Amino acid sequence: MSKAPPSAFWTQPVVDLARALIGCQLLVDGAGGTIVETEAYDVDDPASHAFGGPRGRNLAMFGPVAHAYVYKIYGIHWCLNFVGGVHPGSAVLIRAIAPTQGIETMIARRGLSDPRKLCSGPGKLAQALSIDRRLDGAPLDQAPFALTLGNEADIVVGPRIGISKAIDHPWRFGARGSPFLSRAFPKDG
DNA sequence: GTATCGATGATCT
DNA sequence: GATCATCGATACC
């Protein structure tokens, strides 16, 4: 059976954490599935909201690990991050999930029936899992969150998506060949 | 298949 | 006023 991550899981380097989260199961109020795509954002990373120190919306990033950081982007979409890493201010963006539980609920929230489009992107999964500002700073080991460790051997790496700074860091991770990724990886095998 | 663009609001200069 | 860790609709190849 699956277990919740130990505290040491969260305090490993954030890039390692992003890789380790691939294959873990994430449920929010009973809806969700297997994490198939993540990105790491380090505290000294110009592309990170934490760059420049704690202020405004990024305060949750400097809070305790194993908590959520949720923000709104482009005035429309919510994005879910997991706070973790060696230093305060780093976090992992959850970019895509393979839906396994609460699929009917997620279909209703998204207004779509194609399972490949339910959670294949940060804004999409936030809508499918009903993520919004009320979960900013919420602990991941308590309801409505339920996170359990998983295994994923075949992981692909690539540059992060949608950023304009530090674009060369290969800090995007995905389950190779998954049909639930937000986009294909550049040099997939 | 790829390219471009509008929505819509918080944050930053 | 510009930018933004996005998405979906549209136009074109």
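Predicted model only: the values in this text are computed from it and were never measured. Numbers restart at 1 for each chain; the letters A, B, ... are given by sequence-line order, proteins then strands.
- Between the C1' atom of B:dT2 and the CZ atom of A:R183 lies a distance of 11 Å, rounded to the nearest Å.
- The structure places CD of A:E152 at 8.5 Å from OG of A:S178, a figure rounded to the nearest 0.5 Å.
- Protein atom CD of A:Q127 is 14 Å distant from nucleotide atom P of B:dT8, rounded to whole Å.
- Between the CG atom of A:D132 and the P atom of B:dA10 there is a distance of 14 Å, given to the nearest Å.
- OP1 or OP2 of B:dC12 sits under 4.0 Å from a side-chain N or O of A:R55.
- Residue A:R110 is in sugar-phosphate contact alone, with no base atom involved, counting any heavy-atom pair closer than 4.0 Å across all strands shown.
- Salt bridge A:K72/A:D136: absent, no basic N to carboxylate O contact under 4.0 Å.
- The backbone N or O of A:I131 sits nowhere less than 3.5 Å from a side-chain atom of A:R134 that would complete a donor-acceptor pair.
- Here the C1' atom of nucleotide B:dT11 and the CZ atom of A:F51 are 16 Å apart, to the nearest Å.
- Separating the CH2 atom of A:W78 from the P atom of B:dT8 is a distance of 16 Å, rounded to the nearest angstrom.
- Consecutive Watson-Crick or G-U pairing (both distances under 3.5 Å) extending over three or more pairs maps onto DNA chain C as B:1-7 with C:6-12, B:9-12 with C:1-4.
- Salt bridge annotation for A:E39-A:R95: present, with a cationic side-chain nitrogen under 4.0 angstrom from a carboxylate oxygen.
- Regarding A:L118, its CG atom lies at a distance of 15 Å from the C1' atom of C:dG8, rounded to whole Å.
- Centroid-to-centroid, the aromatic rings of A:H49 and A:Y41 stay 6.0 Å apart or farther.
- Surrounding CG of A:D154 are more than 12 heavy atoms belonging to other residues, nucleotides or ligands, all under 6.0 Å away.
- Put simply, the side chain of A:Q127 gets close to the backbone of A:R109: a donor and an acceptor are under 3.5 Å apart.
- For the pair A:R172 (side chain) and A:I161 (backbone), a donor-acceptor distance under 3.5 Å is absent.
- Remark on DNA chain B: of its neighbouring residues A:H77 and A:R133, the 5'-side contact belongs to A:H77, judged by nearest-heavy-atom nucleotide.
- Distance A:D114 CG to C:dC7 C1': 15 Å, rounded to the nearest Å.
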Under 3.5 Å between N/O atoms: give me all the protein pairs with nucleotides 3-5 of chain C, atom names plus distance.
| unit_1 | atom_1 | unit_2 | atom_2 | d |
| --- | --- | --- | --- | --- |
| C:dC4 | OP1 | A:S164 | OG | 3.0 |
| C:dA5 | OP1 | A:H49 | NE2 | 2.8 |
| C:dA5 | O4' | A:Y41 | OH | 3.4 |
| C:dA5 | N9 | A:Y71 | OH | 3.3 |
| C:dA5 | N7 | A:A47 | O | 3.4 |
| C:dA5 | N7 | A:H49 | NE2 | 3.2 |
| C:dA5 | N1 | A:N81 | OD1 | 2.4 |
| C:dA5 | N3 | A:Y71 | OH | 2.8 |

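- Of all heavy-atom pairs spanning A:F180 and A:A96, the tightest one is O-CB, 3.3 Å.
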